Structure formats: structure tokens, C-alpha cells
**Q** 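Quick one: the structure is below, questions incoming.
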Protein chains: 2
Amino acid sequence: MRKGEETRTRILDVAEAAVLQKGFGGTSIEELIAETGITKSGFFYHFRDKNALAKALLERYIENDERIYDEIFSRARELADDPLQSFLLGLKLLAELLSDLPNGHPGCLVATVCYYERLFDRDIQETNKQAVLAWRRRFRGMFEEIMVVYTPREPIEIDQLADMVSTVLEGGIVLSKALKEPQGLADQVLVLRSFVKLLFQPPIVRQ
Amino acid sequence: MRKGEETRTRILDVAEAAVLQKGFGGTSIEELIAETGITKSGFFYHFRDKNALAKALLERYIENDERIYDEIFSRARELADDPLQSFLLGLKLLAELLSDLPNGHPGCLVATVCYYERLFDRDIQETNKQAVLAWRRRFRGMFEEIMVVYTPREPIEIDQLADMVSTVLEGGIVLSKALKEPQGLADQVLVLRSFVKLLFQPPIVRQ
DNA sequence: CGAAAACCGTACCGGCGGTACAGGGGATCT
DNA sequence: AGATCCCCTGTACCGCCGGTACGGTTTTCG
């Protein structure tokens with residue numbers, strides 16, 4: 001039980017790093033077992049096939065992702081009473097966290113999966129979809145609280161605004177990976193922060 | 001000569017669709033030659049190996065991408081004199097174009113490549129990087145023109161602002177693919193449009 | 001007509017995903 | 001102390017795929 005879980009985790013760790021660098025199709029099971037120090041039989045004891053590995057990988061990634069967002073934005077909530085200030089602070093904390101990643105963001109498994117749709121069954125695609133919808137609900141909730149206090153200075157759909165946060169994160173990851181500029185992702189989050197600030201903060205009226 | 005080009009193009013067409021759905025690793029040469037109606041020898045006559053195919057695919061994609069941006073934003077330039085209005089119109093035209101894609105955006109090869117870094121040589125990665133830098137230069141140029149006339153209402157790095165356009169496109173593609181909501185991408189572009197509008201347009205001063 | 005371009009056919013190699021199945025060591029329960 | 005799981009190892013095998021090699025053939029163009 002204990003040992004099994006540990007081996008399983010080790011496989012997932014190795015697999016996650018490999019998949020984010022080479023994609024699912026580019027990652028061979030043989031290289032995973034070589035790096036994990038396990039045999040092929042051992043691998044198939046833990047995962048029925050590559051699809052099962054992908055599913056476990058994705059679910060673990062999403063769970064961890066949610067945990068990080070929970071931590072960041074609940075901390076931001078503690079530090080600021082105003083919902084807008086709290087959200088802006090959350091984005092700042094997120095940018096700091098992303099900025100502190102030594103080799104930049106390793107990549108998002110949700111993005112990887114969506115660029116591999118035809119390779120996996122509907123189950124995985126549905127899991128992926130639900131993850132994005134969970135992001136939407138999370139940020140939508142925050143914007144709803146903000147809109148109780150503030151009026152947006154441009155007409156905007158709240159779901160689309162919520163999705164913008166995920167969009168900037170996913171897009172920022174792509175750009176910073178392609179450019180090999182790890183800092184780029186955090187910068188893009190801060191640009192989004194400026195936009196949200198502009199959207200809700202009342203204009204400075206000249207007297 | 002003529003026929004060769006045509007066959008090559010057909011291979012690239014088939015390969016592009018396959019790669020965007022299953023990634024490079026998930027796309028087999030055998031399936032490409034089956035669908036193209038060519039033999040394996042024929043394939044390797046046109047492309048030395050999978051890497052060469054990837055490079056040709058990426059270069060063609062980038063070229064086409066640039067052409068589309070050229071068209072859209074030069075048309076927007078004709079229709080509006082003011083650089084801000086022209087840019088905002090360009091984003092609207094882009095959103096319309098994305099909205100009209102029957103099955104949604106098929107996916108961006110630049111994103112695919114950046115999630116496959118370890119599978120390709122430095123040459124391809126450099127090509128990819130240059131493509132993103134070209135986007136940056138394009139949009140930076142537009143924002144520079146805007147800033148001659150307008151002052152941003154929030155302090156912002158112009159390169160980061162330029163990258164925001166690419167970020168939203170890449171991120172929007174990921175989200176709309178994951179959610180299977182083709183409209184999502186165009187919506188995100190329009191949210192970006194609202195943000196840019198807010199950033200540069202002077203606030204409506206209440207009297 | 002001749003030469004180059006654009007393929008086809010065949011044979012082969014090693015790697016990989018996946019299956020099957022037999023067995024073994026170690027912890028745990030009875 | 002013995003039985004029973006869990007957690008693997010070892011071996012053998014299959015078919016697909018990327019890639020190489022190379023000889024031959026058709027098509028196209030000058």
C-alpha cells in the first residue's frame with residue numbers, strides 16, 4: 001500500500017516532466033520505466049495503458065493546480081477586505097509565484113491534452129473540460145463579488161471576463177516557453193492585472 | 001516540378017490537420033501517406049525525415065499566419081485614420097474572422113511546437129521563437145503609433161502589451177479547444193479589445 | 001528525344017506500445 | 001507459522017511505426 005503509492009507517484013513525477021517537454025506521443029513508456037528504475041511489468045501493474053497514465057496525470061495536475069489557486073486567493077482575501085483589491089493582490093501573488101519558478105513554468109497539462117484530443121477517450125477530454133469550467137467558476141465568483149461594489153467601465157460578459165484569467169495564463173505559458181523568457185508569463189499576468197484595475201476602478205476625474 | 005509541389009502541398013495539408021489534432025508524436029507517417037495516397041518512398045522523397053516535415057509545416061503555417069494579419073490590419077488601416085480606432089477595428093475584424101471558422105480554430109502550430117521542444121532540433125525552436133518575436137514587433141509597431149496620439153491610463157511596458165495580443169490568441173485557442181466552444185476565442189479577442197479601449201481612451205468626465 | 005524530376009516496390013532494422021503469464025519477495029493478518 | 005495479499009520482476013512475444021537502402025519506373029519539361 002505505502003510502497004505502491006510511492007512508486008506510482010514516482011512514475012507520475014517522471015511522466016509529468018517528460019510529457020510537458022515532449023507531449024504524450026513523444027513520451028515512451030520505456031523511457032519512463034528506465035528513469036523510474038522500474039520494469040515494464042511494474043509499470044503496467046500501476047497503469048493499464050498509456051491512456052490510464054494520462055488520466056491519472058491530468059487529474060493529479062488539476063488537483064494540484066486548484067490547491068495552488070486556493071492558497072493564493074484565500075491568502076489575498078485575508079490581506080484585503082475589498083474584493084477588487086483582494087483580486088488584484090491575488091494576481092500579484094500569482095505573478096510572484098510564477099516569477100519564482102526557477103526554470104519558468106513547466107507547461108500546462110490541460111493545454112497539452114487539448115492539443116491531443118484525438119489521442120484520448122472522451123473521459124479525459126471531459127475531465128479537461130471540467131477543469132477549465134472550474135477555473136471559470138472560480139474567477140466568475142470573484143468578479144461577481146467585485147461587481148457588487150464596482151461597476152465595470154465597459155460592458156462585459158462576466159464569464160468571458162473570468163475566462164480571460166485562464167486565457168492569459170495559458171497564452172502566457174505558450175509565449176514564455178516559445179521565447180524561452182520565463183519572466184514573460186508573470187509579466188502577462190501583471191498586464192491583465194492592469195486591465196482589471198482599469199475596468200473597475202473609477203476614473204480620476206480632473207477638477 | 002509542378003506536380004512535385006502539388007504533392008508536397010497535399011502532404012502538408014494532411015499533416016497539418018493531423019498534427020493539430022494529435023500532436024507530432026501522435027501523427028504517424030504511415031497514416032499521412034495512406035490519406036495522401038502516396039507511398040512511403042514518395043513521402044521520404046519530399047521530406048528527409050519527420051523533423052523536416054515539422055519544419056516545413058511550421059514555416060508554411062507562420063507564413064500564412066503573417067499573411068492573414070497583414071490583410072486584416074491593412075484593411076483596418078484603410079477604414080480608419082486614427083491608429084487606435086484602426087487597431088480596435090482590426091481586433092473586431094479578427095474576431096469576426098475567427099468567429100466564422102466553421103469548426104473553430106484548428107489550433108496553433110507555434111503552440112504545438114513549444115509543447116514539443118525536446119522532440120525537435122534547435123533550428124525549429126529558433127524558427128518558432130522568431131515567429132513570436134515577429135508578432136511582438138507587429139503589434140508593438142501599432143501600439144507605438146497609438147501612443148503618439150494617446151497616453152495610456154496605466155503605466156505599461158509596450159512589449160508586454162504587444163505580447164498580450166499573442167497571449168490572448170494562444171490562450172483563447174486553448175480554452176475554446178478544451179471547452180469545445182468555438183466562439184470562445186473570438187470572445188476573448190473582444191475582451192482584449194475592451195481592455196485596449198479602456199487603456200487608451202480618455203475617461204468620460206462627469207460634469 | 002533525353003534528362004531530370006517524381007515517384008513506386010520491396011526488403012529490412014530497431015524501437016515501442018501492449019499482452020500474457022509465471023513467479024518471487026516482503027509485509028500483514030490469522 | 002502459514003496463508004494471503006500487494007508489489008513487483010523476467011521472459012517471450014506481437015504488430016505498428018520511423019527510418020534506411022536501393023533498384024526500377026513513369027512523368028514532365030526543355
Side-chain angles (χ1 to χ4, degrees), chain A residues 1-58 60 109 112-113 115-121 123-124, chain B residues 1-58 60 112-113 116-121 123-124:
Chain A
M1 286 206 187
R2 247 297 154 58
K3 185 115 182 289
E5 279 303 309
E6 191 208 308
T7 305
R8 197 184 140 94
T9 302
R10 235 168 59 236
I11 296 173
L12 287 174
D13 287 341
V14 172
E16 184 168 323
V19 166
L20 287 175
Q21 286 188 342
K22 296 174 290 188
F24 279 104
T27 302
S28 72
I29 292 181
E30 311 242 342
E31 83 178 87
L32 296 182
I33 66 178
E35 198 164 339
T36 316
I38 207 178
T39 62
K40 206 182 225 185
S41 312
F43 176 87
F44 283 105
Y45 171 79
H46 287 286
F47 304 99
R48 197 165 33 81
D49 53 20
K50 225 181 176 184
N51 212 329
L53 173 69
K55 201 184 167 191
L57 221 48
L58 181 63
R60 196 182 71 145
L109 269 185
T112 307
V113 167
Y115 268 106
Y116 264 94
E117 29 171 350
R118 296 276 171 218
L119 230 62
F120 301 119
D121 50 34
D123 195 6
I124 289 189
Chain B
M1 286 196 187
R2 250 290 154 64
K3 182 116 182 291
E5 279 303 312
E6 191 209 307
T7 305
R8 199 184 138 95
T9 302
R10 236 169 56 237
I11 296 174
L12 288 174
D13 287 342
V14 172
E16 186 169 319
V19 166
L20 287 174
Q21 287 189 342
K22 296 175 290 188
F24 279 104
T27 302
S28 73
I29 293 179
E30 313 242 342
E31 83 177 88
L32 296 181
I33 66 178
E35 196 165 340
T36 315
I38 206 178
T39 63
K40 207 180 222 184
S41 313
F43 175 87
F44 284 106
Y45 172 78
H46 288 286
F47 305 99
R48 198 167 30 79
D49 52 19
K50 225 181 176 185
N51 212 330
L53 172 69
K55 202 186 168 190
L57 220 49
L58 180 62
R60 196 183 73 145
T112 306
V113 167
Y116 264 95
E117 30 173 351
R118 299 272 170 223
L119 229 62
F120 301 117
D121 50 34
D123 196 4
I124 290 190

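Note that the coordinates shown come from a computational prediction; the quantities given were computed from them, not determined experimentally. Heavy-atom basis, side chains included; hydrogens, waters and symmetry copies ignored. A, B, ... follow the sequence lines: proteins, then strands. Residue 1 opens every chain.
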**Q** Distance check, rounded to the nearest 0.5 Å: L109(A) atom CG versus F24(A) atom CZ?
**A**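 So the CG of L109(A) and the CZ of F24(A) are separated by 5.5 Å.
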**Q** Please give, in whole Å, the distance from dG15(C) P to I33(A) CD1?
**A**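 Atom CD1 in I33(A) sits about 13 Å away from atom P in dG15(C).
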**Q** How many Å lie between CD on E5(B) and C1' on dT28(D), as a whole number?
**A** 14 Å
**Q** What is the distance, rounded to the nearest whole Å, between atom CZ of R8(B) and atom P of dT28(D)?
**A** 19 Å
**Q** Show the nearest heavy-atom pair for residues F47(B) and L53(B), with the distance to one decimal.
**A**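 That would be CD2-CA, 3.8 Å.
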**Q** Write down the distance between CG (D49(B)) and C1' (dG19(D)), rounded to a whole number of angstrom.
**A**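 Answer to the nearest Å: 9 Å.
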**Q** Which heavy-atom pair separates G23(A) from T112(A) by the least distance, and what is that distance?
**A** CA-CG2, 4.5 Å
**Q** Below 3.5 Å between N/O atoms, which protein atoms pair up with nucleotides 9-16 of chain D? Just atom names and distances, please.
**A**
{"residue": "dT9(D)", "atom": "OP2", "partner": "T39(A)", "partner atom": "N", "Å": "2.9"}
{"residue": "dT9(D)", "atom": "OP2", "partner": "T39(A)", "partner atom": "OG1", "Å": "2.6"}
{"residue": "dG10(D)", "atom": "N7", "partner": "S41(A)", "partner atom": "OG", "Å": "3.1"}
{"residue": "dG10(D)", "atom": "O6", "partner": "S41(A)", "partner atom": "OG", "Å": "2.4"}

**Q** Can you identify which nucleotide, out of dG18(C), dT20(D), dC16(C), has its nearest atom closest to the I29(A) side chain?
**A** dG18(C)
**Q** Which heavy-atom pair separates K55(B) from D123(B) by the least distance, and what is that distance?
**A** NZ-OD2, 2.9 Å
**Q** Look up atom OG1 in T27(B) and atom CD in E16(B), then write down how far apart they are to the nearest 0.5 Å.
**A** 11.5 Å
**Q** Can you tell me the distance, in whole Å, between the CD atom of E31(A) and the P atom of dC16(C)?
**A** 8 Å
**Q** May I ask you to evaluate whether H46(A) reaches the phosphate of dC7(D), defined as a side-chain N or O under 4.0 Å from OP1 or OP2?
**A**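 No, no such contact exists.
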**Q** Which nucleotide sits closest to the side chain of K50(A): dC17(D), dG18(C), dC8(D)?
**A**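 Looking only at heavy atoms from C-beta outward on K50(A), the closest nucleotide is dG18(C).
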**Q** Kindly compute the distance separating CZ (F44(A)) from CD1 (I33(A)), expressed to the nearest 0.5 Å.
**A** 8.5 Å
**Q** Quick check on dC8(D): is either OP1 or OP2 less than 4.0 Å from any side-chain nitrogen or oxygen of T7(A)?
**A** yes
**Q** Rounded to whole Å, please give me the gap between CZ in F24(A) and P in dG17(C).
**A** 13 Å
**Q** How far apart are the closest heavy atoms of A15(B) and L32(B), and which atoms are they?
**A** CA-CD2, 3.6 Å
**Q** Using whole Å, what does the distance between atom C1' of nucleotide dG18(C) and atom CG of L32(A) come to?
**A**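 My rounded result for the distance is 14 Å.
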**Q** In this structure, how many angstroms lie between the P atom of dG17(C) and the CZ atom of F47(A), rounded?
**A** 15 Å
